[in-house]
Amino acid sequence: MTKLETMIGRAESIVILGHVNPDGDCVGSSLAVYNYIKEQYDKKVLVCLEAVSEKFSYLAGFEQIQNQPGQEAADLCICLDCSNEERLGAFKVCLDGAKESICIDHHVTNEGYAAENVIDPSSSSTCQVLFTQMEDERISKAVAECLYTGIIHDTGVFRHSNTSAKTMEIAGKLMEKGIDFSTIIDDSFYKKTYLQSQILGRALLESVSFLDKQCIFTVVRKKDMEFYGVDKSDLEGIVDQLRIIEGVECAIFMYEVGIHMYKVSMRSNKKVDVSRIAAYFGGGGHVRAAGCTMSGSFYDVINNLSGHIEKQL
Ligand code: AMP
Ligand code: MN
Ligand code: MN
């Protein structure tokens, strides 16, 4: 019995949580556990996340996601892909109220805030960690679709350095469940709306290189988002496009979230540990992909980050 199954077995009511701005790994892992419990156990189960992109609507249980914390305290709270309590956002109350808790994650910066913690920073994704907490024979096609979605999103479809032989082995096992993997990859990862493509083009056009072209950044302001009619979820992928520009070691993408306040995403290729920089500014993440929220003008933000990157180069 894995830690997860033992704790599910002991609980009557369960609440599943992820991080703010839920991404593919967060949504995939949350719905994977949700469907697994629904199929294998007779328990009361709730999945609570901030607004989830429609592109994940093919996942079973998508319609059941609640955008508000539940009223009743649950026996067990399962936190997924969330590196610290603050990133649970408004749903932190569900963790505080629960009798038992387990956190399943892969962030290096996660210090283990739940009662039980299964954290493996060598895993590509929370979905990869989660696979090892489930019984292979009991993983249905619906659960496999959720897990596969999380893995492709956090590995950039098996491109990033977090992809290991183990990741591929698990992805292979999930394929054997009969999932339509090519449609999942195209529809949830590569497909962009016309407006998403336009804002990507604009962000690339306005990007600026610094530190001898080893770094590049771009910024999207509130007024740009209003002009194109896009929200923060439409900006996914911009930083990854910057990272693959020839000669770039470190890519920075930021968008305005308030007056003199920016959400920053960083990606690196070989040298820079961006999780250390993000953690310094109150955020977190992984060695090659991390984020934080910073205040000041965007010149201040770049100046502050630039100092830390230069030290590492
Ligand atoms: P992003 O740049 O938002 O795609 O995030 C890259 C990685 O860093 C993801 O694994 C996030 O979970 C993590 N991350 C982003 N922002 C924060 C933050 N403010 N605090 C902790 N981790 C973060
Ligand atoms: Mn995530
Ligand atoms: Mn993840």
Side-chain angles (χ1 to χ4, degrees), residues 1-8 16-19 22-37 39-40 47 49 52 56 59-61 78-84 87 102-112 114 116-182 184-185 188-189 236 240 267 275 284-291:
M1 274 278 226
T2 63
K3 261 188 193 171
L4 177 67
E5 298 240 31
T6 307
M7 294 189 88
I8 294 172
I16 300 164
L17 308 179
H19 61 74
D23 56 13
D25 190 29
C26 174
V27 179
S29 55
S30 301
L31 289 178
V33 182
Y34 177 78
N35 290 309
Y36 191 81
I37 297 172
E39 291 164 8
Q40 302 297 332
V47 54
L49 296 173
V52 172
F56 298 116
L59 296 174
I78 306 175
C79 301
L80 296 151
D81 200 39
C82 185
S83 54
N84 62 57
R87 281 181 53 83
I102 180 166
C103 169
I104 299 177
D105 190 25
H106 67 127
H107 288 93
V108 249
T109 47
N110 192 325
E111 291 172 354
E116 291 282 352
N117 297 279
V118 184
I119 299 157
D120 178 14
S122 74
S123 282
S124 66
S125 50
T126 295
C127 282
Q128 180 173 336
V129 186
L130 196 51
F131 178 89
T132 66
Q133 289 288 307
M134 291 175 169
E135 240 179 86
D136 194 354
E137 307 77 62
R138 299 211 282 172
I139 294 177
S140 66
K141 185 180 169 198
V143 172
E145 284 166 347
C146 296
L147 293 174
Y148 193 85
T149 297
I151 292 175
I152 60 159
H153 275 260
D154 266 20
T155 60
V157 193
F158 312 113
R159 284 180 307 160
H160 301 154
S161 57
N162 58 0
T163 311
S164 64
K166 188 82 196 154
T167 315
M168 302 310 281
E169 192 188 308
I170 292 170
K173 285 184 180 164
L174 297 173
M175 284 165 78
E176 282 173 352
K177 305 283 180 181
I179 62 171
D180 183 355
F181 56 90
S182 52
I184 291 177
I185 292 171
S188 81
F189 192 82
E236 239 178 59
D240 302 295
R267 299 291 184 270
S275 79
H286 314 281
V287 178
R288 302 273 168 261

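- The distance from atom CD of Glu5 to atom CD1 of Ile37, rounded to the nearest 0.5 Å, is 9.5 Å.
- No more than 12 heavy atoms of other residues, nucleotides or ligands sit less than 6.0 Å from atom CD of Glu111.
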| said: Show, in sequence, the C-alpha distance, side-chain angles and deciding distance for Val118 and Val129, and conclude whether the side chain to side chain contact (heavy atoms under 4.5 Å, CB included) test is met. | reply: CA-CA 8 Å; Val118 184; Val129 186; 3.8 Å; yes
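- How far CD1 of Ile139 is from CD of Glu39: 10.0 Å, rounded to the nearest 0.5 Å.
- Atoms CG and OG1, on Asp25 and Thr126 in that order, are 4.5 Å from each other to the nearest 0.5 Å.
- The shortest distance between side-chain heavy atoms of Asp136 and Phe131 falls below 4.5 Å.
- The closest donor-acceptor contact from the side chain of Ser188 to the backbone of Ile185 lies at 3.5 Å or more, if one exists at all.
- By the 4.5 Å heavy-atom criterion applied to side chains, Asp154 and Ser124 are not counted as neighbours.
- When all heavy atoms of Asn35 and Cys146 are compared, the closest pair comes out as ND2-SG, 3.6 Å.
- The minimum heavy-atom distance between Val52 and Pro22, with the atom names listed, is CG2-CG, 4.0 Å.
- Closest approach of Tyr148 to Ile184, counting heavy atoms only: CD2-CG2, 4.2 Å.
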| request: Go through Cys82 and Leu17 one step at a time and tell me if the side chain to side chain contact (heavy atoms under 4.5 Å, CB included) criterion holds. | output: CA-CA 8 Å; Cys82 185; Leu17 308 179; over 6 Å; no
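- Leu147 has its side chain out of reach of Ile170: every pair of non-hydrogen atoms, C-beta onward, lies at least 4.5 Å apart.
- Thr149 places none of its side-chain heavy atoms less than 4.5 Å from the side chain of Val27.
- Looking only at side-chain heavy atoms (C-beta outward), Asn162 and His286 stay at 4.5 Å or farther from each other.
- Considering all non-hydrogen atoms of both residues, Cys127 and Ser29 come closest at SG-N, 3.4 Å.
- Rounding to the nearest 0.5 Å places SG of Cys79 at 10.5 Å from CD1 of Ile16.
- Using a 4.5 Å heavy-atom threshold, the side chains of Glu116 and Thr6 count as separate.
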| said: If you apply the rule side chain to side chain contact (heavy atoms under 4.5 Å, CB included), what do you find for Gln128 with Ser164, and how did you get there? | reply: CA-CA 11 Å; Gln128 180 173 336; Ser164 64; 4.1 Å; yes
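- Residues Thr2 and Met134 fail the side-chain proximity criterion, which asks for heavy atoms closer than 4.5 Å.
- Here Tyr34 contributes atom OH and Ile78 contributes atom CD1; the two are 12.5 Å apart, rounded to the nearest 0.5 Å.
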| side chain to side chain contact (heavy atoms under 4.5 Å, CB included) assessment of Asp240 paired with His160 | CA-CA 10 Å; Asp240 302 295; His160 301 154; 4.3 Å; yes
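- A salt bridge does not link Glu176 with Lys173: none of the charged nitrogens is closer than 4.0 Å to a carboxylate oxygen.
- Relative orientation of the Phe189 and His153 rings is perpendicular, given thresholds of 30° and 60° on the angle between their planes.
- Panel note: side chain Asp105, backbone Asn110; no donor-acceptor pair is recorded below 3.5 Å.
- Salt-bridge annotation for Asp81 and Arg87: absent, with no side-chain N of the basic residue lying under 4.0 Å from a carboxylate O of the acidic one.
- Counting heavy atoms from C-beta outward, Leu4 and Ile104 have side chains that approach closer than 4.5 Å.
- Between the Arg138 side chain and the Glu135 main chain, no donor and acceptor come within less than 3.5 Å of each other.
- Separating the OG atom in Ser125 from the CD1 atom in Ile151 is a distance of 4.5 Å, to the nearest 0.5 Å.
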